[in-house]
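Each remark here refers to the structure printed beneath this line.
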Amino acid sequence: MKILVTGAAGQFGRELTEVLSKEGYIVFPYTKQELDIANPNQIRKVLREDRPDLIINSAAFTKVDLCEVELEKSYLINGLSPYYLALEAKKYNIRLFHISTDYVFGGEKTTPYEETDEAFPATIYGKSKRIGEELALAFGNNVTVIRTSWLYGHKGQNFVNTIKKLSDCLDEIQVVHDQYGCPTYAKDLANAVKGLILKSPGIYHVTNEGSCSWFEFATEIIKFLKKQTKIIPVSTEEYGLKTPRPCYSVLSNKKLKESGISMRPWKEGLREYLKKEFKDAYED
């Protein structure tokens with residue numbers, strides 16, 4: 001099978017390319033410089049040349065605060081581009097996987113969100129991603145939408161690396177304690193996506209098992225690294241974020257489990273990530 005991956009230079013895109021290549025798939029990884037998914041002509045040209053059996057769209061504009069300012073860019077990349085991909089994929093009878101986010105939910109629930117729950121995003125980032133989902137799914141039964149959350153991977157900017165970097169120079173770090181989600185290791189997400197290639201299309205929630213607050217997440221990072229930095233819990237209001245985040249965006253993996261794919265607990269994924277990412281700093 002030939003698979004085209006967009007956003008291949010991102011944390012997830014790199015991991016996905018590696019996982020699929022090791023599995024024996026022929027992978028065409030495209031960075032945003034190599035393929036502008038907001039340009040239908042470029043998409044058409046690439047599909048004619050590569051003739052993939054599957055497209056996995058991991059390209060996105062993910063800077064939540066910046067999305068509120070750069071609305072046109074947000075809706076173009078996150079909303080309209082999945083439409084272009086789905087339109088061209090349908091012409092060539094190519095299956096499409098689209099990577100989405102927990103931010104399509106507003107955070108009003110207190111129990112994990114399932115695929116059938118109504119998506120009611122509160123941010124421009126979430127709204128643009130939801131539009132991307134809807135436009136992609138409008139092209140029939142050959143589209144899979146995969147929602148994930150709190151993603152971190154190697155060679156990129158993420159919460160784990162930020163906490164590690166801050167802990168190297170600060171005695172105390174303030175972290176929000178009243179936002180809950182599911183930390184997800186990009187490698188584990190990539191392996192799950194690999195498994196979903198053999199499953200029926202549709203919407204799937206894919207995260208590592210379990211949930212925590214950002215404060216609890218940061219505390220585990222410091223604990224695993226055996227650092228002395230103190231993590232100070234603060235409220236979202238006290239922290240003063242420019243853009244409101246969902247208070248609760250935990251995703252349920254129930255449908256994924258029913259399809260025969262299981263995810264390991266988030267602490268296990270974090271431990272493996274830290275061992276690999278910070279070999280010199282990590283102490284067993």
**Request:** Provide the closest heavy-atom pair for N78 versus C67 in the form atom of the first, atom of the second, distance.
**Result:** ND2-SG, 4.3 Å

**Fill in**
Heavy-atom nearest pair, R245 first then T243, reads NH1-O, 2.8 Å

**Request:** Examine the side chains of S149 and S249 and answer whether a donor and an acceptor come within less than 3.5 Å of each other.
**Result:** no

**Nearest atoms (heavy-atom pairs only) where A218 meets V175** = CB-CG2, 3.9 Å

**Message:** So, taking the atom named CD1 in I221 and the one named CG in L274, what distance separates them when rounded to the nearest 0.5 Å?
**Reply:** 6.5 Å

**Asked** Within 45° of the ring axis of Y103 and under 6.0 Å from its six-membered ring centre, is that where the NZ or CZ of K129 lies?
**Response** no

**Prompt:** Are a donor atom and an acceptor atom from the side chains of T236 and D178 found within less than 3.5 Å of each other?
**Reply:** yes

**Request:** Starting at CG of N208, measure out to CG of L189 and round the result to the nearest 0.5 Å.
**Result:** 9.0 Å

**Prompt:** Hey, what do you get for CG (L85) to CG (N57), rounding to the nearest 0.5 Å?
**Reply:** 5.0 Å

**Prompt:** Relative to Y204, does K255 satisfy both conditions: NZ or CZ under 6.0 angstrom from the six-membered ring centre, and within 45 degrees of the ring's axis?
**Reply:** yes

**Item:** For A186 against G153, the heavy-atom pair lying closest together
**Value:** CB-CA, 3.9 Å

**Prompt:** Would K73 count as a cation-pi partner of F61, with NZ or CZ less than 6.0 Å from the six-membered ring centre and within 45° of the ring normal?
**Reply:** yes

**Message:** Is there a side chain to side chain contact (heavy atoms under 4.5 Å, CB included) between V206 and V193? Walk through the geometry before answering.
**Reply:** CA-CA 8 Å; V206 183; V193 170; 5.8 Å; no

**Request:** Please check if the distance between the ring centroids of Y185 and Y152 is under 6.0 Å.
**Result:** yes

**Message:** I need the T184 OG1 to H205 NE2 distance, nearest 0.5 Å.
**Reply:** 11.5 Å

